[in-house]
Structure formats: structure tokens, C-alpha cells
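Presented below is the structure to which this report refers.
Throughout, a chain's letter reflects where its sequence line sits, starting with A, and its residues are numbered from 1.
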Amino acid sequence: MAEPNDIYEKVMELAKRRGFIWPSAEIYGGVAGFIDYGPLGAQMKRRIEDIWRGFYVIREGFYEIECPTIGVEPIYVASGHVKGFSDKMCQCPHCEEYLRADHVAAANGCGNAATLPAEALAGALKGAPCTACGEELGDVRVFEFNLMFNTQIGPGSQRKGYLRPETAQGIFTDFPRLLRFYRDKLPFGAVQIGKSYRNEISPRQGMIRLREFTQAEAEIFVHPEGKKHPRFSLYAGYRVPLLGCSGQEGKGEPVELTMRDAVAGGLVANEYVAYYIALTHDILVTVGVDPARLRFRQHLTTERAHYAADCWDAEILSKRFGWVELVGIADRTDYDLRAHASVSGVALTAYLPLEIPRMEKRKRIIPDMKALGPKYRGQAKEVADALMKADPGPEGAEVEVGGGKVFIPASLYQVREEEVEVRGEEVMPHVIEPSYGIDRMCYAVLEHSYDEEMVEGEVRRVLHLPAAIAPVQVGVFPLVSRDGLDTVATEIAALLTAGGIFAEFDESGAIGRRYRRQDEIGTPYAITIDYQTMEDGTVTIRERDSMAQVRVKKEGLGDIVRGLIAGNISFVSLGP
RNA sequence: GCGAUAGUAGUCUAGCGGCAGGACAGAGGCUUCCCAAGCCUUUAGCCCGGGUUCGAAUCCCGGCUAUCGCACCA
């Protein structure tokens, strides 16, 4: 699949040379799974994140929060990462190969290997041959390899901490605060952009699988029975290529459907999932993913988490890596809130008023404290509390107090039937989670933007980045650096910079060379100051993709450039 | 993690026991002036650590990194 000099190598060579992506700690030999964003890469990544914010924070109205990258252990006990985010491994004493302990045991005829604890697995492995070298394993130690980085918090009585494997958990743990912030209404959403960490056993594939990476996640809390999106009409007619479960046997081709049809036909579980599929498509195309190399693939029932109601991945076609997941969009139901409620003991529900309050008959048990007090003394309060939750028979009620069972005769309490008005109910929201891998998006955009074309016998290398994400927005060049052209160009560059435009002044080398330098880093426009500028005050604007030029007055140049970058003005409309 | 292959200037590459060479890029200058032109000058390199050898970029061992295969991939 990977011929030498394939597009990946060309893109990464350019990215390294021009300051998009560098290997981390290169002077110390580098570290697999970590990258640095150089000056242009950091700028481009930030612009992509800001476009993402434009969609999720500004348009959707989901405020951004920021949580620590280190979390205490119970968070990840609740999320399932402490248990489920690790593999049981062992090392063959003969060939030193690391093996998945459960796989070896299963190969040796152990039926329930996947669910056995470590000690039992070690027992099951005693007589088993190593799957690598064939020698008998004997007494091997089975250990957990957890994909989370761990650390200690503080000296002394250290609390165990983990570097977060996803940003989502911070949003879940802030749920009660967020619910208050959004004034006790559903639906609402919160987002987070930040670093996450996974100690991958063997990261390959450059920027695609990192040990430290940037995620942009949204958690949208919705009523479990209200999965109709209030703004669904915005994307109802939006067409997206969808590859459903059933289409994936053999060589399935995605079907292009409107979101309305996808939900009506049952392919996508609900309007929320469909809405964020469309919105994701919108974002990805906006930042420069080629729509012809983008599809949405539904998780197969076997790969989908057991709690998820539906899950779709946005995948891009990479020449090097095949289909690569960029975004996962899942209906996670109430799994996360339920888990955190259970581990923390805090109720993670919203109290929602009913439209019509209903009357409900309730049986209330009123302990007779005058009688209970002297009889049970110190335990009286505990007995009374237990009694109120008990289900009494005609003779009395049996309650559990201090680990033992106690029978309380009916004479010690009253049972009162009363009718109460129920004005609302506690609801545990369901969570819709679109989760974006920002680094993968950056790579996808670089690969899809990269182009080589022949111009007058020379290879012209261009990054066709959307103007909105290009690190440098405009180049400013004096045609020659004398006769005052350079002075005027410097003034124009300063003027643009003062107007918030990232402009790069360059007077070195022939004009064609300077255009090429900017083409290679994706700068969408170049302003050239020539002799005519000195006569009539006009400059030329050159468009990167067409290499065409138009002449405009230098007054109002800032507005034109801003308009071009924002997409409010088309280059063609400036033409003669 | 295992196996295979590789690592020479910013990038690409030649050299494969005996002075490390080139192209492009970069910087300075001359010249030309709207798409990587030319000329001059110049910066800059053998992945790291051991070993063998009179002598190692070159051979051997270990490590790191990259690519491929295996394994792994919430």
C-alpha cells in the first residue's frame, strides 16, 4: 500500500521543513507517539479549533469548559477506564514475547478466558505453550497493562491520579453545576477542547495515533424521551454519505441521504445523532476535508459499546492509511451519568416539571418517636429512617438496622394513605457525544490539501487550505526592493497587520519564488506592489489556487482581504 | 513488545574501512523584474552509546527513531 515517496511522506516532509509538524524532543532522539506543532502548525490547529468553536459554542450555544488533565481514581473507576481500558498481559520467560494472557488461555481451550481475573488466568496458563515460541509458559505473572498514564497527587498520603484518556469525563463530573448553570432545563450541552493521553503500546501512523492528543468533545444532555432536535430543520435537507451496519458486509458503498430520510427510514437512531452527523460533515468540509473522501460509517453491533444506542464515525480516506476515523458521534444513553451517580453517590438527575401535575396516592409511614425513642435509644433514628422506606405487613415491618434485621410491631408507627400532587420528576438525561480528534483533522486537511502541479515545466507544490485555516493569510511583496516599492510594501503590510490580518512581508528573491514559498504553506492571497502602485495607488491581489491577479485600490485593501478570507467576497467578483 | 529494513546539512541524496561530496532550500551581494532564471560569496551534516581496528559514517553489539509485517488499538 505504501510506496516510497507516497503522499504521506511528501506531506510530512513539507510539514517538517516548513514548520507545521515536528518530532517531539528531536535533539534527544524523539519519542514515539508525541509531536510538536511548529509555528505554522500551531496557528493552523488553533484556527481549526476556532472554527469548531464557531459551530459548537457560538452557533449551538454550548459553553466551553476547561477541566484538569489529571483526574483522581474514582472518576476512571466510574467511567470504566480503570477496569476496561487495560489488557491482561504476560511475558513468555523463554522468548520474552509479550502476549495477551486471555488470548493465549483461549487458544489453550479456556472457554471464559476473557472474563477471568489475573490469578485465575495465570493458573490457566500453567501448561499452555507460548503462542510465539511454543515453549511451555509455566509460572507466569499475569499483569494488567492499562492504557492510562498514571501518577500520584501530592506527597505523603498520595492519591492515585490518571492523565485523562478523554476530555468527556470532566463534563460528566461537572454535571450538577452545569445543570444549574443552564437553569435546570434540558437539553443543554457543554464542550471541551484539550489534551488527552493514552499510553499506546505501539503508536504507529505518525499523527494518527498519538500518546498525547487534542480532543474536542461535546456532551449534549437530552431528555431520554425527547430525541427530536429543536433545530432539526437546519440540517433536515442536508445530504451526507452514510454507510450503515448492513451495508458493510462485503464492499458496501455509502448511500447519500438527507438527514430527514435517514431518520425516517430508521438508519440513524434519532434526530440528535443525525443533526450532529450533518453538523460534523459541515465542519469537516469547512476546515478543508475533501467531501469526496469523507463518509459516515455506523458502528457494527459488535464494535459498538453495549450501552450505546447508536454510533457513527466520520471517516476520511487517506491515501496512506485508508479510511481513518476523525470523529465519533454516539448516543451514549445515560450510561455515564448512571455510572458516576453510582460511584459518587450524588444524584445526577434533572428535576423537570410535568406539563400537567398529577395526583398520586402514596402510603406514608410515620414512626411513633415517643414509643421508638425509649425502646431503641441510640438506634432509634436509624430504625425510624429504615421504617420510612419499609414495606410493612399487617403485623408490623421488618427493617435492617446496623446489619441485623429487626421486627417493628405495627403499634410503633402509623400508616397514612395520602394523595400528593406530583409536579415534576427526576430525569437522568441521555448523552449525545460528538468527539473529534483534532490532530487527525489537521493531518486529514494537510493530506487532502496537498497538491503538486506542473507549471511551465516546474513542479508547483500547493496546499489548497481553506483561507479560514491558512496560518499566513496574505503575503505582501514589493515587485523589486528598490525605487521605494519596498517602503510602500512595508507600509501596506503594517496596515494589514494593524487590521488583524496575519500578513507576511517578503522581499527576498525573485517574485515567482516568493509566490511559491507562500503556495507551499497554503497562503491564500498575495499582494504585490509594483511600479504602477507608485503611479495610481493600486496593488495586485494574487489568488493562490488560480494564480490569477486582480488590481485594486490600496485604500480599503484591509476590508477586501478580510472579506476574501471570511468568504464574503469572491475573488472573481473583484476582477476587471 | 517481537521480526525485517533504514537513519549522512533544513530537505533529498552520493560515499559502504583511509581528507564527507552534491542538489535543492536558507543567508549576504550583483543582475533581471509578475510566477522557484542567472552569477558570486556563505551557513550547515555522518541518530546516540559501547566494541573491533593503526584508523569506523562504513564492520559488530546495545539503545532511540522511522517504515513494513506480527501483536495491540476505550
Side-chain angles (χ1 to χ4, degrees), chain A residues 1-6 8-10 12-19 22-34 38 76 79-87 89-92 95-100 103-104 130-133 145-148 164-166 168-169 196 198-206 208-211 303-308 311 320 325 328 330 332 435 455-462 475 477-483 485 508-520 526-532 539-540 542-544 546-549 551:
Chain A
M1 144 176 81
E3 323 129 29
N5 278 324
D6 72 2
Y8 170 80
E9 274 163 38
K10 289 178 175 184
M12 291 314 285
E13 185 272 316
L14 187 152
K16 238 196 291 192
R17 186 164 43 79
R18 296 309 305 271
W22 291 328
S24 267
E26 201 176 6
I27 62 166
Y28 291 106
V31 214
F34 296 90
Y76 301 108
S79 70
H81 286 98
V82 169
K83 250 214 162 96
F85 205 53
S86 64
D87 295 322
M89 300 188 80
C90 63
Q91 189 178 20
C92 171
C95 66
E96 303 193 332
E97 176 79 272
Y98 282 93
L99 306 160
R100 277 285 295 270
H103 288 185
V104 180
C130 169
T131 47
C133 70
F145 182 78
N146 194 290
L147 261 35
M148 285 194 292
R164 63 183 179 193
E166 58 179 28
Q169 298 308 323
S196 293
R198 294 174 193 184
N199 199 2
E200 299 285 354
I201 295 170
S202 143
R204 296 277 181 89
Q205 311 168 346
I208 302 294
R209 253 177 89 212
L210 294 169
R211 288 184 166 129
E303 75 184 301
R304 186 202 299 162
H306 63 276
Y307 50 82
C311 186
R320 173 56 161 275
E325 174 193 351
R332 299 176 59 90
S435 171
V455 176
E456 291 169 19
E458 299 264 10
V459 177
R460 173 182 181 246
R461 297 207 277 180
V462 196
F477 312 141
L479 187 59
V480 293
S481 43
R482 57 158 189 269
D483 301 331
L485 296 191
S508 120
I511 188 74
R513 174 185 297 259
R514 285 176 267 164
Y515 289 143
R516 291 290 185 276
R517 274 202 276 256
Q518 296 300 327
D519 288 341
E520 200 177 51
I527 312 291
T528 308
I529 286 78
D530 56 13
Y531 285 103
Q532 199 179 326
V539 299
T540 65
R542 168 192 184 264
E543 186 187 42
R544 175 197 64 206
S546 64
M547 296 193 285
Q549 286 179 295
R551 194 164 269 284

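- B:rC39 is paired with B:rG29 under the Watson-Crick or G-U wobble criterion, all donor-acceptor distances under 3.5 Å.
- In a base pair of the Watson-Crick type (N1 to N3 plus N6-O4 or O6-N4) or a G-U wobble (N1-O2 and O6-N3), with each distance short of 3.5 Å, B:rA23 is matched with B:rU11.
- A salt bridge is defined here as a Lys NZ or Arg NE, NH1 or NH2 lying under 4.0 Å from an Asp or Glu carboxylate O, and A:Arg516 with A:Glu458 fails to meet this definition.
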### Message
For a quick check, with a 4.0 angstrom heavy-atom cut-off, what is the B/S/- contact string for nucleotides 28-37 of chain B, read 5' to 3'?
### Response
-----BBBBS
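- Remark: B:rG55 base-pairs with no nucleotide in the shown strands. Criterion, Watson-Crick or G-U wobble with two distances under 3.5 Å.
- Contact check on A:Glu26 versus A:Lys16 returns no salt bridge, with no Lys/Arg side-chain nitrogen under 4.0 Å from an Asp/Glu carboxylate oxygen.
- The partner of B:rC2 is B:rG69, judged by Watson-Crick or G-U wobble contacts that both fall below 3.5 Å.
- The distance between atom CG of A:Leu210 and atom C1' of B:rA66, rounded to the nearest whole Å, is 15 Å.
- Pair assignment for B:rA44: none, as no Watson-Crick or G-U wobble contacts are both less than 3.5 Å.
- Here the side chains of A:Asp519 and A:Arg542 are in contact, with some heavy-atom distance below 4.5 Å.
- Comparing B:rG7 with B:rU58, their C1' atoms are spaced 13 Å from each other, to the whole Å.
- With rounding to whole Å, A:Lys10 atom NZ is found 12 Å from B:rC12 atom C1'.
- For the P atoms, the distance linking B:rU8 with B:rG45 amounts to 14 Å, nearest Å.
- Of all heavy-atom pairs spanning A:Asp530 and A:Leu485, the tightest one is O-CD2, 3.4 Å.
- Rounded to the nearest 0.5 angstrom, A:Arg164 CZ and A:Tyr76 OH are separated by 7.0 Å.
- Nucleotide B:rG49 has B:rC61 as its partner under the Watson-Crick or G-U criteria, with both atom distances under 3.5 Å.
- A heavy-atom distance below 4.5 Å is not found between the side chains of A:Arg513 and A:Ser508.
- At whole-Å resolution of the value, CD in A:Glu13 and P in B:rA9 are 13 Å apart.
- Under the Watson-Crick and G-U wobble criteria, each requiring two contacts below 3.5 Å, nucleotide B:rG17 is left unpaired.
- Rounded to whole angstrom, the span from the CZ atom of A:Arg209 across to the C1' atom of B:rU67 amounts to 15 Å.
- Put simply, A:Tyr8 has a side-chain N or O that comes within less than 4.0 Å of OP1 or OP2 on B:rU67.
- Considering only heavy atoms from C-beta on, A:Ile208 stays 4.5 Å or farther from A:Arg320 through its side chain.
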